[in-house]
Amino acid sequence: MDYQFQQIEKKWQEIWEKENTFKVLDDKTLPKFYALVEFPYPSGHGLHVGHPRSYTALDIVARKRRMDGYNVLYPIGWDAFGLPTENFAIANKIHPKKVTADNVANFKRQLKSIGFSFDWTKEINTTDPAYYKWTQWIFLKLFEKGLAYKQEMPINFCTSCKVGLANEEVVNGVCERCGSEVVRKNKSQWMLKITEYAQRLIDDLDDLNYIEKVKIQQKNWIGRSEGAEVQFAVSGTDDILTVYTTRPDTLFGATYMVLSPEHPYLDKYKDKIKNYEAAVQYREEAARKSEFERTELAKEKTGVKLEGLCAINPVNKKEIPIFISDYVLMSYGTGAIMAVPAHDDRDWDFAKKFDLPIIEVVSGGEDVQKAAYTDTDSGIMVNSGFLDGMEVKEAISAIRDYLEKEGIGKKKVNYKLRDWVFSRQRYWGEPIPLVHCDKCGWVALPESELPLTLPEVDNYEPTDNGESPLSKIEDWVNTTCPKCGGHAVRETDTMPQWAGSSWYFLRYIDPMNNDALASQEAINYWLPVDWYNGGMEHTTLHLLYSRFWHKFLYDIGVVNTPEPYAKRTSHGMILGENNEKMSKSRGNVVNPDDIVNEFGADTFRTYEMFIGAFDQATPWSMNGVKGCYRFIERVWNLQGLLTDEEGYSADMETTMHKTVKKVSEDIERMKFNTAIASLMALINDFYKKGSITRGELKTFLLLLNPTAPHITEEMWVLAGFEGKLHEAKWPTYDEAKTKDETVEIVLQVCGKLKDKIMVAAGLDKAGLEQAVLADEKVKKLLDGKTVVKTICVPDKLVNFVVK
RNA sequence: GCCGCUGUGGUGGAAUUGGCAGACACCCGGGACUUAAAAUCCCGUGGGAGCAAUCCCGUACCGGUUCAAGUCCGGUCAGCGGCACCA
């Protein structure tokens, strides 16, 4: 009988759908397992072969956990607000709601064709008012607790299209659509105080089972640094300038000061600055650049000296010049730095360019006139008054004490993390449920008015002044104040796409609830998420934002755990066959539909897992797909080798136990490629032997089922095994039976491989040495040589060091 | 530039805590089957020398630690992900 994957896969997918096979069980006494994958953005391009890599991986884990006896929640939904849909809608004159519905339908069909064990009764969509009601509710709670505030922040604005642009739409400083100049335009925007949670977001990582590189990247992103704020008097004024530095020890070496071009002193001392015009011009030029461009170390340093203003170094009372330069950002520290060219690379570059003095204050490096010496682990303070002779770390603490005592500075912890810009001047997002009343200021809508739905309009195109498209809808904008009943206007900016994805895992556990984002009962049972897999590209934004929201919800008593995800793993990208990122323009895109149609879902799933190390990027290969198809077909043809024997045959027993152990452990460690490799090796054994017992087939089908669920279910039924395969128990192994009786020992002389011999397994060092020395080959090998040392590694090798 | 990751045959990759480099596949070559082709099955397959036993070289590059290094340490080069309004 031929392997008819179309019929088999259709049959089982219909059974799973009809019987709701993967719906979570109501029984909350069972141990639970919550597996989560990043829900897709339903783009017009359809499913990418990268999506199923993550989805298959956790599908395998979820299916195995069900066989282990867990009540498993493995849900899916749609992160559907966002820019591409809106832009597609504008370009094609189709409403984003319609675009989204069409794309979701297509994604859903594709996901179902691959046979994932999602609980489809839990499906969610961030653009559904019943969902975003709760996104808005969380925002109102943040607002109520003072964690949402308004601030002037720059947006990208195309001077020709007259629209606000996302960073992605700005390519090399010009508008992606028309090629015109893009400027940064200030606009008052809603901000969320994620910085208030910075320390907890670092500290709580310690107890989480996240892969190490995710923890490191999050910590670096939050960027805690311990330093000091130092006050410099400004000559000719009563004012002071506060700088932040992580190297207060080098204060005696500060030979100039640099302000961010946006620093308020520029306008404040307009009259004192003789070259104010030049400074303003420089500020305008800087406004055109992104922060990324501004902080690039490789670029030539630029700046303007503020003529007429001087700062006084508080420790040695020396007058030093003040510059503005774009490498200093207003968004970090105080927007002002003291420059120590001898011990900072950027300051050194700047000092060379503007011919400023470079004074060594830490000795131990090369000539500071040739390069900055930035090492803090060795070196002794010089030219630094009372700090002279101290080591750097000693000096840091001494100067910090001195600054506090003298009242000219203080210890200060800073974070690179910045507050979250939460406003978008776009239509296709959650409306921000606030109104502005002339009398009462910003007022929250009462909970009873949620959800505040997006107005149904025909024209959702951007405005020509950078405002949100919603601002044009007058009868929506004008409303009454919930507090005083007077006239008020609605906030017209919408939320960023990150909003809906910051709490979606909470909605899955109780998606129909209209009274709370989820019931207490569901929260108590299902949280936290046990295993969350996603891309490395989400490490610093999505993952951090959702941890922040969850901590906030914990603080106000909505959830019962301080962290949302107990475990986080990450998958690598799938590249095109040419080893480049898949993209339409490169013409290297693989459509999952084509693979499923030609080879079947089981082959597709197997290949996605066999393609390479799960956490590594790897190129697609059609030949690799064919190889997996051959494997699946060989699985099908095992039916021709089947005997009547029930257990394992004697010569296969060790191999069977070994394979059960290997596959079980590899799935838990996400080594899916080697799990499949061991099943391939096993099937090769069956073919070499020409037979497989019923017991062996049963175990083989159980082990392969999470990876290739359709073919294994079908073969289970055809072989007449009891019940349905997915209801069976995961096979067990006996540790003692995974061990061979004899092992091969590697013989080395001076670390070089010379020979291999078989000895009994489990010998200790002395026993192994004895057994090896008794061997004829070894006697020959050591003939005429003096053994200086013998290294024995039980069950592995013996190494003779000879003279 | 900053932060993080990666580098192993012709290709994807494998190799618990340092202990046989190349598992499992793909490609390629040879054979069986076939009128033929496809499919399938069997064999070979890191490079070099040799009839052979066997020997030498080999995990991006340079150096170090060790009886032993793909694995640890220092440096260099190359590629990839992120850099806050793509998601």
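Just the heavy atoms: all of them, side chains too, but no hydrogens, waters or symmetry mates, feed the values below. Proteins get letters first, then strands, A, B, ... in listed order; numbering begins at 1 in each.
Two rings, from A:F505 and A:Y532, have their centers 6.0 Å or more apart. If you look at A:Y607 and A:W620, their ring centroids are closer than 6.0 Å. For A:Y504 and A:W549, the distance between ring centers is not under 6.0 angstrom. Two rings, from A:F350 and A:Y327, have their centers less than 6.0 Å apart.
Comparing B:G12, B:G81, B:C3 by their nearest atom to the side chain of A:N220 picks out B:C3. Among the nucleotides B:C20, B:C85, B:G13, the one closest to the side chain of A:V421 is B:C85. Comparing B:G13, B:G81, B:C42 by their closest approach to the side chain of A:T618 singles out B:G13. Picking from B:C5, B:C85, B:C86 the nucleotide with the shortest atom distance to the side chain of A:K213 gives B:C5. Distances from the side chain of A:T674 to the nucleotides B:C85, B:A15, B:C3 place B:A15 closest. Considering only the side chain of A:F610, B:C24 comes nearest among B:C85, B:C24, B:G81.
Side-chain nitrogen and oxygen atoms of A:R634 include none within less than 4.0 Å of the OP1 or OP2 phosphate oxygen of B:U40. Remark: A:N87 is not in phosphate contact with B:C86, judged by side-chain N or O atoms under 4.0 Å from OP1 or OP2. In this model, the phosphate group of B:C85 is not approached by any side-chain N or O of A:R418 to a distance below 4.0 Å at OP1 or OP2. When the side-chain nitrogen and oxygen atoms of A:N673 are compared with OP1 and OP2 of B:G12, none of them lie within a distance under 4.0 Å.
The distance from atom NZ of A:K626 to atom P of B:C28 is 9 Å, rounded to the nearest whole Å. Rounded to an integer number of Å, the gap from CG of A:N167 to C1' of B:A84 is 8 Å. Atom CG of A:L544 is separated from atom P of B:C3 by 18 Å (rounded to the nearest Å). To the nearest angstrom, P of B:C83 lies 12 Å from CE of A:M536. Nucleotide B:A84 holds its C1' atom 12 Å from the CG atom of A:L329, rounded to whole Å.
At a threshold of 4.0 angstrom between heavy atoms, the contacts of A:L165 include nucleobase atoms, whether or not backbone atoms are also involved. In this structure, A:H538 reaches the bases: a heavy-atom distance under 4.0 Å links it to at least one base atom across the strands shown. Residue contacts for A:Q616: at a heavy-atom cut-off of 4.0 Å it reaches the sugar-phosphate backbone alone, with no base atom in range. No engagement by A:E169 is indicated, since no non-hydrogen atom pair under 4.0 Å with the nucleic acid exists. Among the atoms of the strands shown, none is found under 4.0 Å from any heavy atom of A:E577. Nucleic acid contact for A:S423: base, since at least one base atom lies under 4.0 Å from a heavy atom of the residue. Using a 4.0 Å heavy-atom cutoff across all strands shown, A:I791 reaches at least one base atom of the nucleic acid.
A side-chain donor-acceptor contact under 3.5 Å links A:T126 to the backbone of A:A80.
RNA chain B is contacted by both A:K789 and A:T540; A:K789 maps to the nucleotide lying nearer its 5′ end (nearest heavy atom per residue). Each of A:Y607 and A:A677 was assigned the nucleotide of RNA chain B with the nearest heavy atom; the assignment lying further toward the 5' end belongs to A:Y607.
With a glycosidic angle no more than 90° from 0, B:G9 adopts the syn conformation.
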Worksheet, complete the sentence: Dot-bracket assigned to RNA chain B with the 3.5 Å Watson-Crick/G-U criterion, [ ] for crossing and | for other-strand pairs, is (((((((..(((......[....))).(((((.......))))).((((....))))..(((((..]....))))))))))))....
